[in-house]
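Because only heavy atoms are used, hydrogens play no part in the values below, and waters and symmetry mates are left out as well, while side chains stay in.
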Amino acid sequence: MGSAKQYDIERMMKPALSDAQWERLLAFGEAEEVAAGEYLFRAGDLDYDLILVDSGEVELVRVAFGWVGETLIGTMGPRSFVGELGLLNGQGAFLSARASKAGRMLRVSRARLRLLMAEDDELCDVILHALWARREVLRRGPAALTLKLVGSRSSREFLALRRFAERVDLVHSAIELAPGDLGTLAEHDIGLDDLPVAFVQGEPMRRATPGLVAERLGLSYQARSDELVDLVVIGGGPAGLAAAIYGASEGLSTVLLDAVAPGGQAAATSRIENFLGFPFGVSGGDLIGQASLQALKFGVRVYAPCEAVDLRSVGDHLDITLTDGRVIRARTAIVTSGAAYRTLDLDRWNDFEGTGIFYAATPLELRQVRESPVVVVGGANSAGQASLFLAANGCPVHLVVRGTDLGSRMSSYLVDRLMEDSRIDVHTRSQVVGLDGESTLERVRIDPVGDVAARGLFCFIGAEPATSWLADLDRDADGFLRTGTDVSVQSLERWQDLGREPLPFETSIPRVFAAGDVRRGSMKRVAAAVGEGSSAVASVHRALADLR
């Protein structure tokens with residue numbers, strides 16, 4: 001069976017249910033007799049059910065498309081259930097489920113599945129583990145061909161598409177082409193201008209973007225008629241995920257939006273070592289992955305990429321407008337849109353951005369620069385962690401710090417490791433002044449060091465808050481949102497009718513809160529962001545109580 005981890009996944013995929021567990025599970029389903037050959041759901045279906053196999057047998061198949069024939073993935077017999085993680089996060093079905101033997105089966109709708117997970121902790125854990133384990137197996141098997149991404153290795157659009165697919169945990173495969181090479185795509189009447197291409201169930205989507213793929217897979221926000229949600233969280237970093245999880249776990253109908261994918265800057269961090277409970281450190285990707293799964297467990301509706309462009313108070317509710325014009329109506333909102341790393345004002349920056357210039361150091365970026373020299377710019381923890389991660393994976397690193405003291409903004413344990421690592425050259429009182437290369441980055445000029453070979457430049461030089469779309473909210477000179485007692489006196493006039501001042505984490509507009517990096521005075525650490533996001537929900541409850 002291989003490793004212990006593989007064994008655990010195999011065991012979790014088909015959990016052995018006790019008589020009592022199976023009876024409780026059956027109580028949530030609607031029974032029907034199914035004939036052999038009948039489909040329970042088909043690949044691509046956006047709305048499908050968890051299938052309970054009381055008798056008979058169900059086979060899971062990847063449908064035939066193009067030159068690829070149908071593939072049998074597995075079978076599920078009596079006292080088992082059919083479904084995977086897409087049932088919780090709204091993704092369309094990757095596979096088709098077809099009865100191979102006639103029998104009695106029960107359908108558990110998504111709404112009933114949510115009810116089950118809220119009411120029965122024991123069954124919730126069993127089902128969640130199984131759905132997660134099945135997703136892990138699907139990711140490595142032939143089901144990954146259901147969504148195939150193809151693009152040029154040096155394309156920033158292809159990199160963005162792959163980052164989206166990995167961050168939202170899509171079962172997919174990615175094919176890298178050499179620059180100017182089409183491989184077998186020319187046989188399908190696809191040209192270089194059509195790249196990147198996403199094949200969904202074998203059908204090509206030319207010039208694919210994260211938004212187009214999300215729309216096709218059912219990940220875009222779909223309003224329900226006259227829906228008014230309790231809480232909309234705008235931004236899926238640690239603060240946003242914490243807020244969404246705490247809100248949903250305490251009974252609030254909760255929607256989480258992110259312009260790219262859940263994770264924020266934390267997902268771009270190779271290793272977090274000062275987060276409570278992880279003495280050996282944890283990668284940002286792993287931390288965000290577990291938090292995203294937790295959000296699905298509690299019923300958070302996660303939509304990405306889904307960007308908010310306007311937020312207005314309309315009577316006793318809020319209108320959050322998305323880029324496509326759709327409007328979400330909510331009683332409260334928490335802005336956790338975070339901050340974006342600044343860029344350097346250098347010639348050819350745009351030429352290399354996304355192909356040689358990166359704002360994250362994860363395995364995805366590492367594949368672009370593996371065992372090649374790189375430059376990291378920045379003097380805080382994110383730059384230090386990136387340098388150590390890249391060096392540990394075979395990249396000679398030049399760390400460029402404008403200040404004179406590496407320890408002024410970086411944790412001491414990181415400073416010690418950087419100074420002791422022979423693979424990392426630390427340049428204080430230095431700055432990047434030039435970029436050079438043909439189609440890809442080849443050299444970086446550092447003042448006063450001179451030219452150094454570099455396949456990649458990783459930029460972590462401070463951040464600007466993502467608040468330009470919030471013109472009606474009180475911000476400081478740098479654009480960070482004021483909250484609580486920090487709200488300016490001029491903005492307090494609107495509070496007179498409410499007979500109160502802003503609550504902790506509440507902005508200058510009632511029932512709109514802010515947490516994490518976007519908030520003035522925040523600590524700019526993952527643990528602090530998680531604490532702020534969860535604490536803001538306490539104020540949300542107090543604000544909702546005022547509405548009742």
Side-chain angles (χ1 to χ4, degrees), residues 111 114-115 117-119 121 223-236 238-257 291 294-295 297-302 308 310-321 327-337 470 472-474 481-516 518-522 528-548:
R114 291 286 185 202
L115 181 63
M117 298 184 76
E119 293 184 350
D121 290 341
R224 300 168 184 173
S225 59
D226 299 323
E227 181 181 35
L228 180 64
V229 299
D230 293 323
L231 173 63
V232 170
V233 181
I234 305 164
L241 280 165
I245 289 168
Y246 275 81
S249 68
E250 294 173 0
L252 302 181
S253 57
T254 304
V255 168
L256 175 65
L257 312 175
Q294 198 172 11
K297 169 183 177 178
F298 287 113
V300 178
R301 292 160 56 193
V302 181
D310 190 43
L311 188 160
R312 296 182 184 276
S313 178
V314 181
D316 60 358
H317 71 269
L318 307 168
D319 279 354
I320 297 97
T321 304
V327 176
I328 303 176
R329 300 174 67 235
R331 293 182 174 90
T332 62
I334 302 179
V335 179
T336 55
S337 49
L470 295 167
D472 292 340
L473 294 186
D474 188 6
L481 295 176
R482 297 180 185 273
T483 59
T485 57
D486 192 38
V487 172
S488 60
V489 174
Q490 294 89 335
S491 299
L492 292 177
E493 295 180 0
R494 69 184 70 182
W495 295 84
Q496 292 178 356
D497 292 339
L498 293 178
R500 65 174 177 87
E501 294 182 347
L503 298 166
F505 302 102
E506 197 165 18
T507 67
S508 57
I509 292 182
R511 302 186 307 283
V512 177
F513 302 82
V518 76
R519 191 181 69 85
R520 171 183 162 93
S522 63
V530 169
E532 289 197 5
S534 54
S535 297
V537 174
S539 291
V540 165
H541 282 295
R542 292 174 60 184
L544 287 173
D546 289 343
L547 287 177
R548 297 188 180 104

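Side-chain atoms of Asp474 come within 3.5 Å of backbone atoms of Ser488 as a donor-acceptor pair (strictly under, hydrogens ignored).
We find the CG-CZ distance between Leu228 and Arg331 to be 4.0 Å, quoted to the nearest 0.5 Å. Rounding to the nearest 0.5 Å gives a distance of 8.0 Å between OG of Ser253 and CZ of Arg301. Note that the CD atom of Glu532 and the CZ atom of Phe505 stand 4.5 Å from one another [nearest 0.5 Å]. The CG atom of Leu470 sits 11.0 Å away from atom CZ of Arg312, with the distance rounded to the nearest 0.5 Å. To the nearest 0.5 Å, atom CG of residue Asp472 and atom OG1 of residue Thr507 are 10.0 Å apart. One finds the CG atom of Leu256 at 9.0 Å from the CD1 atom of Ile245 (value rounded to the nearest 0.5 Å).
Closest non-hydrogen pair, Val518 versus Ser337, comes out as CG2-OG, 3.7 Å. Closest approach of Ala291 to Leu241, counting heavy atoms only: CB-CD1, 3.9 Å. Between Arg511 and Glu506 the shortest heavy-atom distance is N-OE2, 2.7 Å. Smallest separation of non-hydrogen atoms from Val530 and Pro238: CG2-CB, 3.9 Å. Summarising the geometry of Leu318 relative to Pro510, their closest heavy-atom pair is CD2-O, 4.3 Å, with the distance given to 0.1 Å. The minimum heavy-atom distance linking Pro504 with Ser539 is given by the pair O-OG, 2.7 Å.
Among the candidates Val232, Val335, Thr483, the single residue satisfying the side chain to side chain contact (heavy atoms under 4.5 Å, CB included) test with Val512 is Val335. Among Val255, Thr254, Leu544, the single residue meeting the side chain to side chain contact (heavy atoms under 4.5 Å, CB included) criterion with Leu231 is Thr254. Partner of Arg520 under the side chain to side chain contact (heavy atoms under 4.5 Å, CB included) criterion, out of Leu481, Val487, Asp486: Asp486 alone.
Annotation: Glu119, atom CD; neighbour count of heavy atoms from other residues, nucleotides and ligands within 6.0 Å is above 12. The 12-atom threshold is exceeded at CZ of Phe298, counting heavy atoms of other residues, nucleotides or ligands nearer than 6.0 Å. For Arg542, the CZ atom counts as loosely surrounded, since its 6.0 Å shell holds 12 or fewer non-hydrogen atoms of other residues, nucleotides or ligands.
Ile234 places a side-chain heavy atom less than 4.5 Å from the side chain of Leu311. Between His541 and Leu252, some side-chain heavy-atom pair lies under the 4.5 Å cut-off.
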Would Val540 and Asp230 count as a side chain to side chain contact (heavy atoms under 4.5 Å, CB included) if you check the C-alpha gap in whole Å, the side-chain angles of each, and the deciding distance to 0.1 Å?
CA-CA 9 Å; Val540 165; Asp230 293 323; over 6 Å; no
Is there a side chain to side chain contact (heavy atoms under 4.5 Å, CB included) between Val229 and Arg329 once you walk through the steps?
CA-CA 6 Å; Val229 299; Arg329 300 174 67 235; over 6 Å; no
